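Structure, as structure tokens:
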Amino acid sequence: MLYRKSRGGKILFLLIILIGFCRPMLFSQRLEVSCTNKPLNQLLVELRHQYSLQFSFDDVGLSRYSISLNGHYENEEELMNALLKGLSLRWERMGTVLVISPLEVVKEAKFYVVSGQVFDRISGEPLPYTHVLINNYNTVTDLKGAFSYKSVSDSLFHLMASHLGCFITDTILLPDNTHKIYLTPISHDLPEVIIKDNIVQHSVQVGEEPGQMVLNSYIANYIPGNGDNSVFNLLRLQPGILAAGEQPNDIIIWGSAEGTSRVQFDGFTIWGLKNFNDQISAVNPFVAKSINVLKGGYDVTNTDVVGGLVNIAGKLGGVREPAVNLFVNNQTLNGMVELPVFKKSTLLFAYRQNYYNLFD
């Protein structure tokens, strides 16, 4: 009896192990699908009843898809991948439920970009520091007269460009193009002004930003001394800059100490300005296109000095046709020649000669 019980127990133990090993094979089932142009929601309902599957889906949304499928599948993953192949749907398993949901399509935002450059219509010179208004957005051109604006809503751009001494240009631009905007210089004779009272004004600001002035060659033509030492004479006539003769050794802005201000021409610092007002100027006025004066209140990105800063932008030269400028007075002979080379280059020659001792 003991021998039989022991032998029967071993047999029962082996049967339990065999059943546990073969259970997945016994309970697994092959999934068969055969349909033509059947709505996806109806097909899922049939599969649910036929194979006891559990689905979660939008019945109205899946009714828009027609399925034609014929094949055998080893598991649920193969079946779901075949059902949703090429459709804007995705599936995932949550426990025993197969959840079907639409794919999330992320639309990339479309940008409209307008860019361009502002030029002088007569000389073809780029105009730096030109005020540009694009769809009520204010910006200023860089040293090369270039500007750029990006929008996510507007495909047409209303542009207004204004530069001191030029007509205002008002136009409509299309995006994704590099535009060339030409401004026409203009001058008006102003009537004389009679000052009757000397009222002290305590809230005067020159320009749109405090402590900043922008001067250009159009205005310099009407300032005394043009063609001779006009670059620095023009600066001397501006408010906040020490007048000529008061301090001939350096440029003094807003009462700054000597040596704390800096003059730059196209980014290069001009040294040795002593007695520049009594002798020929270090900068030929014919090659100076724009002068940006920062009296104070600027950040450290501009310079490392604590006084004023004068940025002089030089001309690039006209690329359309040759040009000659000549000026003669009782002290100085000044001239400049512009020769276009190819289509994008220009040779610019400028020369000055003083003859202070001529009458001696």
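As the structure is a prediction and not an experimental result, all values here were calculated from the model.
Not counting sequence neighbours, T141 has no partner by the side-chain hydrogen bond (donor to acceptor under 3.5 Å, both in side chains) test. By the salt bridge (charged side-chain N to carboxylate O under 4.0 Å, His left out) test, E77 is found to be paired with R93, residues two or more places apart in sequence or in another chain being considered. With sequence neighbours left out, the side-chain hydrogen bond (donor to acceptor under 3.5 Å, both in side chains) criterion links R48 to no other residue. Among residues two or more places apart in sequence or in another chain, the side-chain hydrogen bond (donor to acceptor under 3.5 Å, both in side chains) test is passed with D266 by none. Take Y65 and apply the side-chain hydrogen bond (donor to acceptor under 3.5 Å, both in side chains) test, not counting sequence neighbours, and it matches S88.
Between T36 and N70 the shortest side-chain heavy-atom distance does not fall below 4.5 Å. In this structure the side chain of L326 never reaches within 4.5 angstrom of the side chain of N334, judged on heavy atoms. With a 4.5 Å cut-off on side-chain heavy atoms, L127 and F119 do not count as touching. Put simply, the side chain of L159 reaches to within 4.5 Å of the side chain of F147, judged on heavy atoms. Using a 4.5 Å heavy-atom cutoff, the side chains of L44 and L62 are in contact. In this structure the side chain of I253 reaches within 4.5 angstrom of the side chain of V310, judged on heavy atoms. The shortest distance between side-chain heavy atoms of L79 and L53 falls below 4.5 Å.
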Check: residues 312-321 side-chain donor-acceptor pairs under 3.5 Å, at least two apart:
| from | atom 1 | to | atom 2 | distance (Å) |
| --- | --- | --- | --- | --- |
| K315 | NZ | F286 | O | 3.4 |
| R320 | NH1 | R121 | O | 2.9 |

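Interatomic distance, M336 CE to L348 CG, rounded to the nearest 0.5 Å: 5.0 Å. Atom CG of L156 is separated from atom CG of N135 by 8.5 Å, given to the nearest 0.5 angstrom. Rounding to the nearest 0.5 Å places CD of Q42 at 10.0 Å from CG of L40.
When the side chains of ILVMFWY residues are joined at heavy-atom separations under 4.5 Å, either directly or via intervening members, V118 and Y149 end up in a single hydrophobic cluster.
When all heavy atoms are compared, the tightest approach of L183 to F167 is CD2-O, 3.9 Å.
Residue pairs meeting the salt bridge (Lys or Arg N to Asp or Glu O under 4.0 Å) criterion with at least one partner in residues 125-149, sequence neighbours excluded, are E125-K289. Pairs of residues two or more places apart, or lying in two chains, that qualify as salt bridge (Lys or Arg N to Asp or Glu O under 4.0 Å) and include a residue from residues 34-47 are K38-E46.
Applying the under-4.5 Å side-chain rule to Ile, Leu, Val, Met, Phe, Trp and Tyr, the cluster around L133 extends to M160, I168. In the hydrophobic clustering (ILVMFWY side chains linked at under 4.5 Å, chained through shared members), M94 is joined by V97, V99. Residue V305 shares its hydrophobic cluster (ILVMFWY side chains chained together at separations under 4.5 Å) with L294, Y298, L309. Side-chain contacts under 4.5 Å among hydrophobic residues (ILVMFWY), followed directly or transitively, place L347 together with V324, V337, L339, V341, F342, F349.
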